[in-house]
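Beneath this line is the structure, given in structure tokens, with notes to follow.
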Number of protein chains: 2
Amino acid sequence: MSLTHAILGVLNVEPMNGYELSQAFETSLAWVWVAPRSQIYPTLRKMEAEGLIEAERQVRGTKLERRVYSVTDAGLAELRRWVAEPFDTTMKRDPVLLQGLFLDLVDPDVAAKIFEHVIDEQRAIVEYGERLHREILASDLLPVHQRRLARRPPDEREYVATLKAHAFAGAAAQAKARIAWAEEGIRLLRHGPAADSAVKRPAGKKARPRQQGG
Amino acid sequence: MSLTHAILGVLNVEPMNGYELSQAFETSLAWVWVAPRSQIYPTLRKMEAEGLIEAERQVRGTKLERRVYSVTDAGLAELRRWVAEPFDTTMKRDPVLLQGLFLDLVDPDVAAKIFEHVIDEQRAIVEYGERLHREILASDLLPVHQRRLARRPPDEREYVATLKAHAFAGAAAQAKARIAWAEEGIRLLRHGPAADSAVKRPAGKKARPRQQGG
DNA sequence: ACATACATGTAAATGGTTACATGATTTA
DNA sequence: TAAATCATGTAACCATTTACATGTATGT
């Protein structure tokens, strides 16, 4: 379960309670790993039972209890073990490509709207990823990143910032690849494959039937 | 459940039994949607119960039963409905980027191996995706694609081939983006951020600590 | 006083993985 | 006759989603 490792990584930056953790998954980690509260709280309890993290109970006001978790030595060891281990990086399920594979079943205008929708959504990811990349490198950091770096010896800070920033650049780069793919898809719907493609089309004919049969 | 729609899409090309279907998920659909037999067979039964597909029982030899499924009118309608519908295209969990985010916790040589592993695996996807893209466009098709196109009116064949090929090109394009990201990662481990980056590094100093603290 | 944010969960259902189970048919 | 391929599943577990449930503290 990578959620365990995502949590270890975040708590290793700074001890937090489940509520703050779920905010982290909704904001900075939104395009890397999402997890709803209903998954976070039970997982925290499980990890505590396994000795990967430990809770400090705090009280806010008079009654409201906070359970602030921090990573144990065993937890850090497990995080390091996981990070050092190569795993299967192939994408096993890609709903966008699956939909793309059957796009010939609908009207080209409908297909174009699907591609446009992909472009709209992925653009938001590009903006977010590039913003974080820029801010981390410029040390114009979000509070959570400032805290992370403050815990490191000064010599390592640039190294750490470089790698963290690179991860967010990766999210942006992949979103850009998807945008380029969807843009090319729209072009293909309108004009068919390019003239230098493996397939030569009869001049002037548009490959654009109204509706397709099964 | 998109497995249902993946199955509808494949069976819409050509009626098949569960065994052939599972082979399709292992080969042509391997980088788009994977599904083990243990998930395929129960899903086929469920879809049959829902009226999306119907089974024709055949007997091979004297005893061995095959259940060959084909898409019903209701199934094709559902497939079309799903294809025409825009959905959330944001990647919710990306183990590669998650690992990349914590790569500062391990020795730079170990981190480089992780990036190299990503490159190796993604290269295989590029080769596969580009091969299928080429073959479909060149009509030098796999049997399954030949059958698919044979069922269409000649006028539509180029259009269909163009779109199918484009889906596989998408798998290759994304893998390429990951490779570029991992290559840049290796460069950063060795030389730190580029000189024109937002961060200026002291000349001659390498951001390459041996081991990092928690 | 009211709304918003803080805080922690449970329950049911769905989706997906891994391991196991069994036997028939074809090919070398 | 042995190995590979064809063929269809079940069971247990793990991961994820969606809906529900409850109450406290703070700011306006």
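Each chain gets a letter, A, B and so on, in the order its sequence line appears, and its residues count up from 1.
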>> The side chain of A:Lys63 is closest to which nucleotide in this list: D:dT24, C:dG15, C:dG9?
In response: D:dT24
>> Can you measure B:Tyr41 atom OH to D:dT10 atom P for me and round it to whole angstrom units?
In response: 11 Å
> Can a side chain N or O of A:Arg60 be found less than 4.0 Å away from OP1 or OP2 on D:dA25?
Replying inline: no
> Over how many whole Å does the gap from A:Tyr19 atom OH to D:dT22 atom C1' extend?
Replying inline: 15 Å
> Between C:dT25, D:dT18, D:dA15, which nucleotide gets closest to the side-chain atoms of A:Lys46?
Replying inline: D:dA15
> Is A:Glu20 touching bases, backbone alone, or none of the nucleic acid, heavy atoms closer than 4.0 Å?
Replying inline: nothing
> Atom CD of A:Gln39 and atom P of C:dG15: how far apart are they, to the nearest Å?
Replying inline: 16 Å
>> Using 30° and 60° as the class boundaries, would you call the ring planes of A:Phe168 and A:Tyr128 parallel, tilted or perpendicular?
In response: perpendicular
>> Go nucleotide by nucleotide along DNA chain D from the 5' end; which of A:Leu64 and A:Trp33 gets its closest nucleotide reached first?
In response: A:Trp33
>> Using whole Å, what does the distance between atom C1' of nucleotide C:dT17 and atom CZ of A:Phe87 come to?
In response: 17 Å
>> Looking at B:Thr62, I'd like to know whether one of its side-chain N or O atoms comes within less than 4.0 Å of OP1 or OP2 on C:dT25.
In response: yes
> Is A:Arg187 paired with A:Glu184 through a side-chain N to carboxylate O contact shorter than 4.0 Å?
Replying inline: yes
>> Output the rounded distance in Å from CD1 (B:Ile40) to P (D:dC6).
In response: 14 Å
> Over how many whole Å does the gap from B:Leu3 atom CG to C:dG15 atom C1' extend?
Replying inline: 9 Å
> Would you say D:dT16 has OP1 or OP2 under 4.0 Å from some side-chain N or O of B:Arg93?
Replying inline: yes
> Which nucleotide in the set C:dG9, D:dT17, C:dT18 lies at the smallest distance from any side-chain heavy atom of B:Ser38?
Replying inline: C:dT18
> When the distance from CD of A:Glu65 to P of D:dT24 is rounded to whole Å, what number comes out?
Replying inline: 14 Å
> Between B:Glu20 and B:Arg66, is there a salt bridge with N-O shorter than 4.0 Å?
Replying inline: yes
> To the nearest angstrom, how far is B:Asn17 atom CG from D:dT5 atom C1'?
Replying inline: 13 Å
>> Please determine whether a side-chain nitrogen or oxygen atom of B:Gln23 lies at a distance below 4.0 Å from atom OP1 or OP2 of D:dC6.
In response: yes
> Hey, is A:Lys176 close enough to A:Glu183 for a salt bridge, meaning N to O under 4.0 Å?
Replying inline: no
>> Any salt bridge linking A:Glu85 with A:Arg81? Criterion: basic side-chain nitrogen under 4.0 Å from a carboxylate oxygen.
In response: yes
> Can a side chain N or O of A:Arg37 be found less than 4.0 Å away from OP1 or OP2 on D:dT22?
Replying inline: no
